[in-house]
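Notes follow once the structure below has been shown.
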Amino acid sequence: LVTTPKATRTTRESFAAALGEGLADQHGVLPLRPESLRRLDRIDALLVDPRVLCSDMLRVVRVRGADDDELAEAWGRAQQLLDQKGLRTGWHRVAGLSARGSRSAVEALIGLAHDPLASAVLAEARRASLDLVSVDTDDLGELRPAFDQLRPPEHGSVDDALVAALADLQRSGHTVAVMSSGAAQSLSSADIGLGVMPNSDGDAPPFTADLLLSDLAGAWRVLHALPAARSASQRGVEIS
């Protein structure tokens, strides 16, 4: 009896070993700290860096200053801005539409387009019964309703807001996973850091994360495994 492996430990170890091998072989996930896979069953909150949900493509987020009867034309002209070389994110004046009376110029907000898998990742986190938290920036756009809580940027810094949100969640008793491409402090302080490789080749990989993911598909796979991790731990308790 003394030398028999305890089921509560064995089931978690077996699950983590099988999951780690499958993630690495089939989905390009590099476990920088394999012990993090043993904590998957306890994760109950996901803190998302809004920048990780975006691709390197540009899109028109919204238009301001246009009357209702010219809104369609304003959107059409705003789309033409995307053909300009060297276009940056932010507000840009829409040519061909002049201000009326005291009205300001018609402007379009250009932002980064969402990754095609962004909605699927958030939906999978919801299916895993996680509390979803992020920082309220223009990058979220129509993804805002998917989150339970949106934190304002701390002094205009997304990184500082992520650190503050993580500390609040952990103080309230949550076991938190952080998903980001570059928030080094949040990734290193999280219970599990999901580091997604950045879109730009010039940016350094998030080596402070526990799991290094090639893209959001890897993040989806990890989130998809959370219910199974809980089931494995519960099965170990039942066997014991």
Tell me whether Q185 at atom CD has more than 12 heavy atoms from other residues, nucleotides or ligands lying less than 6.0 Å away.
no

Less than 4.5 Å apart, any side-chain heavy atom of D191 and any of R42?
no

Which distance, rounded to the nearest 0.5 Å, do you find between the NZ of K6 and the CD of E13?
14.0 Å

Could you give the distance from CZ (R62) to CH2 (W75), rounded to the nearest 0.5 Å?
9.5 Å

With distance as the sole test, does D115 use its side chain to make a donor-acceptor pair with the main-chain N or O of S55 at under 3.5 Å?
no

Trace of the side-chain contact (heavy atoms from CB on, under 4.5 Å) decision for L53 with L112
CA-CA 9 Å; L53 301 176; L112 295 174; over 6 Å; no

So, taking the atom named CG in D160 and the one named OG in S186, what distance separates them when rounded to the nearest 0.5 Å?
9.0 Å

For N199 and C54, indicate whether the former's side chain and the latter's backbone hold a donor-acceptor pair under 3.5 Å.
yes

Name the atoms and distances for all side-chain donor-acceptor pairs under 3.5 Å in residues 14-33, with sequence neighbours left out.
residue : atom : partner : partner atom : Å
S14     : OG   : T10     : O            : 2.8
R33     : NH1  : A209    : O            : 2.4

Do V48 and V163 sit in one hydrophobic cluster, given that two such residues count as connected whenever their side-chain heavy atoms are within less than 4.5 Å of each other, even indirectly?
no

V61 vs I110 side-chain heavy atoms within contact, under 4.5 Å:
no

P206 side chain reached by V196 side chain, heavy atoms, under 4.5 Å:
no

In Å and rounded to the nearest 0.5 Å, what is the CD1 to CD distance from I192 to E35?
10.0 Å

Within the 4.5 Å heavy-atom criterion, are L223 and I43 side-chain neighbours or not?
no

Is the closest side-chain heavy-atom distance between L140 and S134 below 4.5 Å?
yes

Sequence neighbours excluded and cut-off under 3.5 Å, please list the side-chain donor-acceptor pairs for residues 232-240, or say none.
residue : atom : partner : partner atom : Å
S233    : OG   : D41     : OD2          : 2.8
S233    : OG   : A229    : O            : 3.3
S240    : OG   : T8      : N            : 3.4
S240    : OG   : G236    : O            : 3.0

L46 CG to D148 CG distance, which is reported to the nearest 0.5 Å:
10.5 Å

Is a side-chain N or O of D210 found less than 3.5 angstrom from the main chain of G193, in a donor-acceptor match?
yes

Output yes when a side-chain donor or acceptor of R144 lies under 3.5 Å from a complementary backbone atom of T137, and no otherwise.
yes

NZ/NE/NH1/NH2 to OD/OE distance under 4.0 Å, E73 and R77:
yes

Given side chains that start at C-beta, do those of D159 and R51 come closer than 4.5 Å, heavy atoms only?
yes

Considering all heavy atoms, the nearest P198-P205 contact
CD-CA, 4.3 Å

Would you say that V52 contacts L194 through its side chain, given a criterion of any heavy-atom pair below 4.5 Å between the two side chains?
no

Show me the pairs that pass ring pair (Phe, Tyr, Trp, His ring centres under 6.0 Å) and involve residues 212-235, at least two apart or across chains.
W220-H224

Identify the two heavy atoms, one from D139 and one from H114, that lie closest to each other, and give their separation to 0.1 Å.
O-NE2, 2.7 Å

Determine whether R39 and T175 satisfy the following criterion, side-chain contact (heavy atoms from CB on, under 4.5 Å), listing intermediate values before the conclusion.
CA-CA 9 Å; R39 297 192 293 270; T175 304; 5.6 Å; no

In terms of hydrophobic clustering (I, L, V, M, F, W, Y; side-chain heavy atoms under 4.5 Å; direct or indirect links), are L213 and L132 co-clustered?
yes

With clusters defined by side-chain heavy atoms of hydrophobic residues (ILVMFWY) lying less than 4.5 Å apart, directly or transitively, does L150 cluster with M179?
yes

What are the two closest non-hydrogen atoms of D44 and G173, and how far apart are they?
OD2-O, 4.4 Å

Exam field: side chain Q149 to backbone A165, donor-acceptor pair closer than 3.5 Å:
no

Give me the atom names and distance for the closest heavy-atom approach of A146 to L122.
CB-CD1, 3.9 Å

Which residues pass the salt bridge (Lys or Arg N to Asp or Glu O under 4.0 Å) test with E142, not counting sequence neighbours?
R59

Under 4.5 Å between side-chain heavy atoms, hopping through other hydrophobics if needed: is there a path connecting F147 to L117?
yes

If hydrophobic residues (ILVMFWY) are linked whenever their side-chain heavy atoms come closer than 4.5 Å, directly or via other members, who joins L47 in its cluster?
V133, V135, V158, L162, L166, L169, V176, V178, L187

For the hydrophobic clusters of this structure (ILVMFWY residues joined by side-chain heavy atoms under 4.5 Å, transitively), does one cluster hold both L71 and L82?
yes

Minimum heavy-atom distance S119-L143, with the two atoms named
OG-CD2, 3.5 Å

All side chain to side chain contact (heavy atoms under 4.5 Å, CB included) counterparts of D168, not counting sequence neighbours
R151, R171

Looking at every non-hydrogen atom in both residues, tell me the closest pair between A78 and V94 and how far apart they are.
N-CG1, 4.1 Å

Salt bridge check: are D215 and R221 linked by an N-O gap of less than 4.0 Å?
no

